[in-house]
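The structure appears below as structure tokens.
If you're wondering where the values come from, they're calculated on a predicted model, not measured in any experiment. Heavy atoms only: backbone and side chains are in, while hydrogens, waters and symmetry mates are out. So you know, we letter chains A, B, ... as the sequences are listed, proteins then strands, and number each from 1.
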Amino acid sequence: MIAAPDRTPLTREFFDRPVLEVAPDLLGRVLVRTTPDGPIELRLTEVEAYDGPNDPGSHAYRGPTARNGVMFGPPGYVYVYFTYGMWHCMNLVCGPEGRASAVLLRAGEITEGAELARKRRLSARNDRELAKGPARLATALGIDRALDGTDACATEGSPLSLLAGTPVPSDQVRNGPRTGVSGDGGVHPWRFWADNDPTVSPYRAHTPRRRRT
DNA sequence: CCTTTGATGTACT
DNA sequence: GTACATCAAAGGA
């Protein structure tokens, strides 16, 4: 018998810890996205840590802007950014307040509302691909900049919340270099994933792009 | 399986 | 102008 996932919401205190502590602890937790059509639930299988001021790979490295302002606020809130001209990615702000550290949600397994996720991810060839990658995850859950700054710890009528779920045991958590991060930011082994999980995205080292003509 | 390329907002040089 | 916490389509092996 496998114990049923714990539906207790994660508290502010959960996020008010150093990002390198929170990131691996998020694996196996359940993200609940409430849409007008119904709920979609996702079991997290892959994340990356970004540690604000000390981290050249972080959006917060060069200080606050209109885009990243939420990262400089209190922990437990959602930072959503728009990138490559067409994709959204979702992060959870960690503590302490003002440090501007956050966890990028990179991949997960849809455990509820798969039919809703499939409508948003028409190119997915199977359900394992629905949220295999950070932009795919955000697309599957219908997440965009309108949700930037949402409190992920709120329980009543919140469009987003996190439940305790079934944490991945530490001996099944693997870590390695972050995907697609260039320069000095690429040295940190701050990508965490659930060992042997089919929904984890393939690792891609950073590759410089050729100039457009 | 693999590699190449186009899509293009935001931040920065 | 150029890089970027990306993805999907197209074509080759």
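We find that R67(A) and D148(A) are not joined by a salt bridge, their nearest charged nitrogen and carboxylate oxygen being 4.0 Å or further apart. A salt bridge between D25(A) and R17(A) is present, with a side-chain N of the basic residue lying under 4.0 Å from a carboxylate O of the acidic one.
Between H59(A) and Y79(A), the ring planes lie perpendicular to each other; the angle is over 60°, past the 30° to 60° tilted range.
For M86(A), counting side-chain heavy atoms from C-beta on, the closest listed nucleotide (dT13(B), dA7(B), dA5(C)) is dA7(B). Listed nucleotides: dA5(C), dT6(C), dA8(C). Nearest to the side chain of Y50(A): dA5(C). For F82(A), taking side-chain heavy atoms from C-beta onward, the closest of the listed nucleotides dA5(C), dT6(C), dG9(B) is dG9(B). In this structure, of dC12(B), dA5(C), dT6(C), it is dT6(C) that holds the atom nearest to the side chain of W87(A).
Protein atom CG of D51(A) is 16 Å distant from nucleotide atom P of dA5(C), rounded to whole Å. Here dT6(C) presents its C1' atom at 16 Å from CD1 of I143(A), a figure rounded to the nearest Å. When rounded to the nearest whole Å, the span between NE2 of H188(A) and P of dA5(C) equals 13 Å. What separates NZ of K132(A) from P of dA5(C) is a distance of 22 Å, to the nearest Å. As rounded to whole Å, 12 Å separates atom C1' of dA8(C) from atom CZ of R204(A).
Looking at heavy-atom distances under 4.0 Å, Y84(A) makes contact with a base. Base engagement by G57(A) is indicated by at least one non-hydrogen atom pair under 4.0 Å involving a base atom.
Nucleotide dG11(C): paired with dC2(B) (Watson-Crick or G-U wobble, both distances less than 3.5 Å).
For dA8(C), the OP1/OP2 oxygens have a side-chain nitrogen or oxygen of R121(A) closer than 4.0 Å. Regarding contacts with the backbone of dC4(C), a side-chain N or O of H206(A) is found under 4.0 angstrom from either OP1 or OP2. For S123(A) and dA8(C), the shortest distance from a side-chain N or O to OP1 or OP2 is below 4.0 Å. Regarding contacts with the backbone of dG9(B), every side-chain N or O of R67(A) stays at 4.0 angstrom or more from both OP1 and OP2. In this model, the phosphate group of dA11(B) is approached by a side-chain N or O of T65(A) to a distance below 4.0 Å at OP1 or OP2.
Closest of all the heavy-atom pairs between V200(A) and A107(A) is CA-CB, 4.3 Å. A152(A) and V78(A) make their closest contact through CB-CG2, 4.0 Å (heavy atoms, listed as atom of the first residue, atom of the second, distance).
Taking atom C1' on both nucleotides, dA8(C) is separated from dT10(B) by 22 Å, rounded to a whole Å.
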